[in-house]
Amino acid sequence: NIGNPNNEATIKELAHKLRDMFINHPSTKHYSKYSEIIEVFSKDFYGEGYQDIDRRVPSIRKAKEMIGWEPKVDLDTALRKTLDYYLELNLK
């Protein structure tokens with residue numbers, strides 16, 4: 001699993017981006033209602049004592065050195081391609 005260090009986003013930001021892309025996607029125009037995003041604090045979801053980190057930025061140094069890999073897709077493009085694929089598969 002290799003990430004793109006330029007695609008940093010919070011789960012909240014990802015949820016809003018994906019919801020907005022879903023709402024504006026041509027294949028979903030017939031939906032009259034969309035899921036709402038409900039924000040839950042990690043402590044409430046996982047319980048007392050849960051510890052999380054504020055930022056997750058992957059290092060791709062080894063991938064660059066060993067196989068010459070560099071990311072080519074930005075976050076919005078990756079989300080759009082994933083959504084297109086999922087909708088094509090499931091809305092037939």
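The ring of Phe45 has its center no closer than 6.0 angstrom to the ring center of Tyr50.
With contacts defined as side-chain heavy-atom distances shorter than 4.5 Å, the pair Ile60/Pro71 qualifies. The closest side-chain heavy-atom distance from Lys72 to Asn4 is not below 4.5 Å. Asp74 has its side chain within reach of Asn7: a pair of non-hydrogen atoms, C-beta onward, lies under 4.5 Å apart. At a threshold of 4.5 Å between non-hydrogen side-chain atoms, the residues Leu14 and Leu75 count as touching. The side-chain heavy atoms of Met21 and Asp76, taken from C-beta on, include a pair separated by under 4.5 Å.
When all heavy atoms of Gly3 and Pro5 are compared, the pair lying nearest together is O-CD, 3.6 Å.
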(request) Give the C-alpha distance, both sets of side-chain angles, the deciding distance and a yes or no for side-chain contact (heavy atoms from CB on, under 4.5 Å) between Leu87 and Thr28. (result) CA-CA 9 Å; Leu87 290 174; Thr28 61; 3.9 Å; yes
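Atom CZ of Arg80 is separated from atom CG of Leu18 by 11.5 Å, given to the nearest 0.5 angstrom. Note that NE2 of His16 and CD1 of Ile11 are 12.0 Å apart. Values are rounded to the nearest 0.5 Å. Distance OG/Ser27 to CG/Leu83: 8.5 Å, rounded to 0.5 Å. Note: Leu79 CG to Asp20 CG = 11.0 Å, rounded to the nearest 0.5 Å.
Side-chain atoms of Thr10 come within 3.5 Å of backbone atoms of Glu13 as a donor-acceptor pair (strictly under, hydrogens ignored). In this structure, Asp44 contributes its side chain and Val40 its backbone to no donor-acceptor pair below 3.5 Å.
Each of Ile23 and Ile38 belongs to its own hydrophobic cluster when Ile, Leu, Val, Met, Phe, Trp and Tyr are linked at side-chain heavy-atom distances under 4.5 angstrom.
Residues in residues 63-86 take part in no ring pair (Phe, Tyr, Trp, His ring centres under 6.0 Å) pair, two or more places apart or across chains.
Other residues sharing a hydrophobic cluster with Val73 under the 4.5 Å side-chain heavy-atom criterion for ILVMFWY residues do not exist; the residue is a singleton.
Within 6.0 Å of CD1 in Ile37 there are more than 12 heavy atoms belonging to other residues, nucleotides or ligands.
Ion pairing between a basic and an acidic side chain is recognised when a charged N comes within 4.0 Å of a carboxylate O; Arg61 and Glu65 show such pairing.
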